Asks: 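Okay, handing you the structure first.
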Amino acid sequence: MDGNASGEDYENIDWDTEDELEIQNIVPSTCSNLVTRNASIVGNGEASSSAGPSNPNLLQHFLGMGFSEQLIVKAIKENGEANTESILESLLTYAALEDSPDELNPCHLNSPQQQQCVDNGQLSSDYDESFLDDISESDSWSGSEVAEIDSSLPEHEKALLSLANMGYTVEEASAAVARCGPEATIAELTDFIGAAQMAKTEDVFFEEEKPKISIGANGGLKKRKLYELELWKRKKRKGLINEEDDVLRLPNPMIGFGVPTDTMVVTHRTLPEAAIGPPFFYYENVALAPKGVWDTISRFLYDVQPEFVDSKYFCATARKRGYVHNLPIHNRFPLLPLPPRTINDALPLTKRWWPEWDKRTKLNCLQTVIGSAKLTDRIRKALEKWGDDPPLHVQKYVIEECRKWNLVWVGKNKLAPLEPDEFEMLLGFPRNHTRGGGISRTDRYKSLGNSFQVDTVAYHLSALKDMFPNGLNLLSLFSGIGGAEVALHRLGIPLKNVVSVEISEANRDIVRSWWEQTNQKGNLIHLADVQQLNGDRLEQFMGSFGGFDLIVGGSPCNNLAGSNRVSRDGLEGEQSSLFYDYFRILDLVKCIMNKQQ
DNA sequence: AGAAAGATGAACGGTTTG
DNA sequence: CAAACCGTTCATCTTTCT
């Protein structure tokens with residue numbers, strides 16, 4: 001936690017409150033749930049955010065206190081311009097509700113969520129109703145008014161209009177249609193939007209659960225509510241309340257339900273009813289995501305708690321990942337032979353040149369970019385100035401660069417980044433898995449850096465071996481270079497039908513090439529875009545071979561990963577929001593399989 | 001030869017955790 | 001406090017296409 005004393009970020013605030021309580025109680029899954037909300041359609045968020053109060057001094061007054069313009073405009077709308085006291089109260093409340101660092105997390109200006117944020121500012125019904133108690137509402141609109149829908153419109157426009165009349169914004173509606181496909185049912189669309197909304201609201205809610213519950217949701221207690229919120233906020237500042245209580249924590253050591261060398265006592269867990277298969281599912285992403293992300297992911301994936309595992313317990317390189325799955329956790333076994341677990345064993349040629357003051361025994365996470373030749377050259381020159389025993393400050397500098405870039409010793413004073421085939425070996429892929437076929441060295445690093453650690457994933461999937469002696473049907477989303485396929489194959493689980501969805505042609509080529517080289521007897525179907533995979537396509541596939549036994553996917557981490565300095569926008573980021581497609585497709589498969597039974 | 005496309009190298013903080 | 005982190009973007013060099 002950084003000491004951001006005065007710097008609460010009042011911008012990009014999702015100020016739904018009561019609505020969150022409603023949404024929170026709705027399980028984001030199941031095709032049948034209809035999430036409706038009271039809101040009307042407002043055009044574009046920019047227009048509303050630029051519509052300031054008529055009294056500029058008032059705005060200036062609160063701006064001077066450090067509140068954002070957006071919030072001040074909202075507070076003034078809520079309370080009227082006359083009552084500065086109640087405006088301040090509202091602003092304090094927003095601040096208290098917003099006093100959580102994960103909301104520094106900006107939503108994109110053009111994202112549906114952001115539109116929602118801004119839109120809500122104009123919509124009193126979307127807002128905490130207790131604030132309305134003492135406000136005379138001359139113009140009380142009704143969220144239940146439904147306009148006639150012209151039956152001559154094309155299907156997707158009818159869907160849009162229906163959603164609009166249900167209170168969704170145009171942005172939400174069109175995003176949902178885009179994601180779910182034009183022929184999706186209204187129920188599917190609302191389900192999707194409700195799910196997406198939860199993603200936005202949950203993070204706030206989660207942090208604030210305590211004060212909200214303690215104050216009740218019934219309104220009429222405005223004074224007490226504000227008081228308690230303030231009190232709670234102060235306590236939290238003083239550390240009297242541990243807000244981490246409800247937030248998912250990373251285990252230490254990060255071994256999940258156990259690793260081959262350190263089996264946990266826990267051999268059983270009770271899955272939520274909705275999570276139980278078929279199909280089995282296995283979802284993966286970076287463990288060190290921004291706060292709240294794993295709470296959201298877990299909530300979407302049927303409230304299954306993530307299993308956080310660092311692959312350094314499986315191989316010579318760290319890889320901290322979270323896995324949400326409904327697999328059995330007993331009778332796991334590792335791939336054999338066990339991979340080398342230290343740098344020394346994995347890269348024996350480096351041993352000779354490894355100085356005693358470099359204490360590393362494990363490599364850090366393999367990423368998509370590597371250190372440059374210039375850097376290793378600079379280090380070599382810096383080291384050559386000293387004899388066998390460089391001074392401490394030089395050692396410190398060299399070690400820092402080694403850790404940052406995963407450099408290894410390949411000669412006297414000579415460091416180098418790992419080669420692509422070393423990436424392959426460390427990650428558990430066959431040698432030359434990503435080599436040839438026109439792929440460049442840079443792209444090999446990129447594909448490998450984005451991949452599973454095969455031994456780790458295989459250990460988790462090993463529980464399936466006894467259950468599918470005749471093989472299984474696999475739906476592999478965001479397949480990449482086929483980590484899941486390789487893991488299952490190495491486990492000796494036959495692959496019957498594999499539907500693999502991967503956007504990169506180079507990666508698809510790698511998997512196809514591997515598929516042929518390993519003489520697979522099954523059927524490999526490649527698709528490019530998860531967003532194009534709709535219910536019809538799925539039903540087609542599942543009808544032909546009788547459903548999927550396992551759905552695996554690690555959705556893009558671009559907007560979650562710590563290395564991203566530019567667009568670490570969280571789960572709503574441009575690429576990482578594809579998580580919702582994983583959920584959408586998983587939920588669709590579950591529904592279709594229920595229907596088929 | 002010149003444009004277009006591709007590959008490489010380097011600079012770019014901040015969040016989260018123990 | 002240190003330590004870690006499935007990354008992005010731009011400039012420049014290299015290769016390929018016209």
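Order of the sequence lines sets the chain letters (A, B, ...), proteins ahead of strands, with each chain counted from 1. Given the structure is predicted, the values throughout are model-derived calculations rather than measurements. Heavy-atom basis, side chains included; hydrogens, waters and symmetry copies ignored.
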Asks: Of the residues in residues 369-378 of chain A, which ones touch DNA chain B at a heavy-atom distance under 4.0 Å?
Replies: A:Ser372, A:Lys374

Asks: Without decimals, in angstroms, what is the distance between A:Asn564 CG and B:dT16 P?
Replies: 14 Å

Asks: Return the CG to NE2 distance between A:Asp421 and A:His433, rounded to the nearest 0.5 Å.
Replies: 13.5 Å

Asks: Is the side chain of A:Gln520 donor-acceptor paired with the backbone N or O of A:Trp515 at a distance under 3.5 Å, no angle test?
Replies: no

Asks: Using atom C1' of each nucleotide, how far apart are B:dG18 and C:dC6 to the nearest Å?
Replies: 22 Å

Asks: Is A:Arg512 salt-bridged to A:Asp509, cutoff N-O under 4.0 Å?
Replies: yes

Asks: Would you compute the distance between atom CZ of A:Arg378 and atom CZ of A:Arg380 and round it to the nearest 0.5 angstrom?
Replies: 12.5 Å

Asks: Tell me, do A:Tyr302 and A:Leu586 make a side-chain contact under 4.5 Å, heavy atoms counted?
Replies: yes

Asks: Find the distance between CG (A:Leu427) and OG1 (A:Thr434) and round it off to the nearest 0.5 Å.
Replies: 9.5 Å

Asks: Return the value, rounded to whole Å, for the distance between atom CG of A:Asp295 and atom P of B:dT16.
Replies: 12 Å

Asks: Please find the pair of heavy atoms, one from A:Val486 and one from A:Gly428, that lie closest to each other, and give the distance.
Replies: CG1-O, 4.4 Å

Asks: Quick one: label A:Ser311 by what it contacts on the DNA or RNA (base, sugar-phosphate, nothing), any heavy atom closer than 4.0 Å.
Replies: nothing

Asks: One pair to check against side chain to side chain donor-acceptor pair (under 3.5 Å): A:Tyr582 and A:Glu284. What are the steps and the verdict?
Replies: CA-CA 11 Å; A:Tyr582 179 89; A:Glu284 178 262 9; over 6 Å; no

Asks: How would you list, by chain and number, every residue that makes a salt bridge (charged side-chain N to carboxylate O under 4.0 Å, His left out) with A:Lys381, sequence neighbours excluded?
Replies: A:Asp377

Asks: Drop me the distance from A:Cys557's SG to A:Arg568's CZ, to the nearest 0.5 angstrom.
Replies: 10.0 Å

Asks: For A:Met254 and B:dT17, what is the distance between atoms CE and P respectively, to the nearest whole Å?
Replies: 10 Å

Asks: Under 3.5 Å between N/O atoms: give me all the protein pairs with nucleotides 2-5 of chain C, atom names plus distance.
Replies:
unit_1 : atom_1 : unit_2   : atom_2 : d
C:dA4  : OP1    : A:Arg403 : NH1    : 2.8
C:dC5  : OP1    : A:Cys365 : N      : 2.7
C:dC5  : O2     : A:Gly562 : O      : 3.4

Asks: Rounded to whole Å, how long is the line connecting atom CG of A:Asn558 with atom C1' of B:dC12?
Replies: 17 Å

Asks: Tell me which nucleotide among B:dT17, C:dC6, B:dG18 gets nearest to the side chain of A:Lys291.
Replies: B:dT17

Asks: Is A:Gly554 touching bases, backbone alone, or none of the nucleic acid, heavy atoms closer than 4.0 Å?
Replies: base

Asks: Could you tell me whether the phosphate oxygens of B:dA7, OP1 or OP2, come under 4.0 Å of any side-chain nitrogen or oxygen in A:Thr442?
Replies: no

Asks: Any N/O pairs under 3.5 Å between the protein and nucleotides 10-16 of chain C? List them or say none.
Replies:
none

Asks: Below 4.5 Å, heavy atoms only, C-beta onward: do A:Leu415 and A:Trp409 meet side chain to side chain?
Replies: yes

Asks: May I have the distance from A:Phe429 (atom CZ) to C:dC6 (atom P), rounded to whole angstrom?
Replies: 16 Å

Asks: Would you mind telling me which residue lines up with the more 5' stretch of DNA chain B, A:Arg565 or A:Arg441, judged by nearest nucleotide?
Replies: A:Arg441

Asks: Assign each of A:Val566 and A:Asn252 to its nearest nucleotide of DNA chain B by heavy atoms, then name whichever residue's nucleotide is nearer the 5' end.
Replies: A:Val566

Asks: To the nearest 0.5 Å, what is the distance between OG1 (A:Thr361) and NZ (A:Lys312)?
Replies: 8.5 Å

Asks: Measuring from A:Ile255:CD1 to A:Asp310:CG, what's the distance to the nearest 0.5 Å?
Replies: 11.0 Å

Asks: For A:Glu307 and A:Arg321, indicate whether the former's side chain and the latter's backbone hold a donor-acceptor pair under 3.5 Å.
Replies: no

Asks: Stem finding on DNA chain C, please: runs of three or more consecutive Watson-Crick or G-U wobble pairs, both distances under 3.5 Å, sorted by first number.
Replies: B:1-12 with C:7-18, B:14-18 with C:1-5

Asks: Would you say A:Tyr313 and A:Asp455 are linked by a side-chain donor-acceptor pair, where the criterion is simply a distance under 3.5 Å?
Replies: no

Asks: What is the distance, to the nearest angstrom, from the CG atom on A:Asp443 to the P atom on B:dG9?
Replies: 14 Å

Asks: Restricting to non-hydrogen atoms, name the atom on A:Val511 and the atom on A:Gly480 that form the minimum distance, rounded to 0.1 Å.
Replies: CG2-O, 3.5 Å

Asks: Using whole Å, report how far CD1 of A:Ile297 lies from C1' of C:dC6.
Replies: 13 Å

Asks: Between A:Arg441 and A:Tyr445, is a side chain to side chain donor-acceptor pair (under 3.5 Å) present by the stated rule, with each step listed?
Replies: CA-CA 6 Å; A:Arg441 189 181 159 85; A:Tyr445 281 120; 3.2 Å; yes

Asks: Given atom CG of A:Asp310 and atom P of B:dG18, what is their separation to the nearest angstrom?
Replies: 13 Å

Asks: For DNA chain C, find the residues of residues 444-463 of chain A with a heavy-atom distance under 4.0 Å and give them by number; none if there aren't any.
Replies: A:Gly449, A:Asn450

Asks: Given B:dG18, is OP1 or OP2 found less than 4.0 Å from the side-chain N or O atoms of A:Arg249?
Replies: yes

